[in-house]
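One is the number of the first residue; the rest follow in order along the sequence. Every number for a ligand or one of its atoms is a count from 1 in the order of the listing.
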Amino acid sequence: MSSIVATWAFSGPGVVTAAGILANGGGALDAVEHGIHAVELDTRVTSAGYGGLPNALGRLQLDAALMTDDGRIGAVMALEGFRAAVPAARHVLDHSPHSILGGDGAAAFATGHGMVAATDTAQLLSPHAKKRYRQFRNGEISPGPHRDHATMPHTDTVGMIARDADGRLAAGCATSGMQFKAPGRVGDSPIVGAGLYADEAGAAVASGDGDQMLRFCIAFLVVEQMRGGEEVQLACEAAMRRVHAADPKCQAAVTGMSPDGGVGAAATHGGFRVVRWRAGTGAEDVQNEEARAVSETTWKHSCV
Ligand code: GLY
């Protein structure tokens, strides 16, 4: 059965977009790409694409990745000049002999495949992002001391997984990364195994404090447990328990999908929500629900 799950309530319109593609017979990869792209172009979302908060130089610097269950990968990191990164990740997946392109090389590749770069970097910041950047420059808000968990801002990645009518799985994610990050900083989102993973055993996407989460390879961890026979919800919870036991201040969240389209989700802290859709309901009929948390503490959002 076709199925979709995505991180955070803000992904709702993207899930509707993706559901429309699956409902019309489209494939999982197209659904995930276009679903994430819709979120990237939504200016209300301050942690991905246009509307995302910039780096310390005031530049929108984006990461995105796509992966299919048959092992195709496309990712871009530290991409500048565009309002969205997932279309560039798709070009890498379809047209590059490489899996990940970064920085200027990623931008040149995207341009070479028809993506039009902004002529002025200011065009890439929404009015809200410009205001928040002015506040940052005035010292009214800070990116947080690196590695100081107590005050460190985090980012909320759009991650999405789809299973199509042919039973194929695809996973993807996109983020503008930590607000006011050091130029060139890359978190977990475009890293296969960390931010996303998909193969014949299932798929997973992660969200949270990328600098801390990277070492746990969360998406791979969840899929690997499903390969060992664990049910998807229990696999997500086990991964979050492991993160929380090792680093109680790390905010991490994950959602996974089993090969039959079953969905699980869990987080280290309370407040993580996922948006779900299943075939047999209207494309607009998405469910938004809170995931189980493995601690009593609440998620602190800073990309606002
Ligand atoms: N989880 C996304 C990031 O830290 O960039």
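Taking every heavy atom of D188 and a limit of under 4.0 angstrom, the matching atoms of ligand 1 come to 1 (N), 2 (C), 3 (C), 4 (O). Proximity to S189 (heavy-atom distance under 4.0 Å) selects the following atoms of ligand 1: 1 (N), 2 (C). Taking a cut-off of under 4.0 Å to the non-hydrogen atoms of G177, the atoms of ligand 1 that pass are 5 (O).
Below 3.5 Å of separation, one finds an N or O of T157 facing an N or O of ligand 1. Here's the thing with D211: none of its N/O atoms is less than 3.5 angstrom from an N/O atom of ligand 1.
Note on D70 versus R72: salt bridge recorded, some NZ/NE/NH1/NH2 to OD/OE distance being below 4.0 Å. Between R185 and D211, at least one side-chain N (NZ, or NE/NH1/NH2) sits under 4.0 Å from a carboxylate O, which counts as a salt bridge.
E289 meets the salt bridge (Lys or Arg N to Asp or Glu O under 4.0 Å) test with R276; sequence neighbours excluded. With sequence neighbours excluded, the residues satisfying salt bridge (Lys or Arg N to Asp or Glu O under 4.0 Å) with E224 are R227.
In this comparison of M178, Q251, R185, the heavy atom closest to atom 5 (O) of ligand 1 sits on R185.
For T157 and S189, the side-chain atoms include at least one donor-acceptor pair closer than 3.5 Å.
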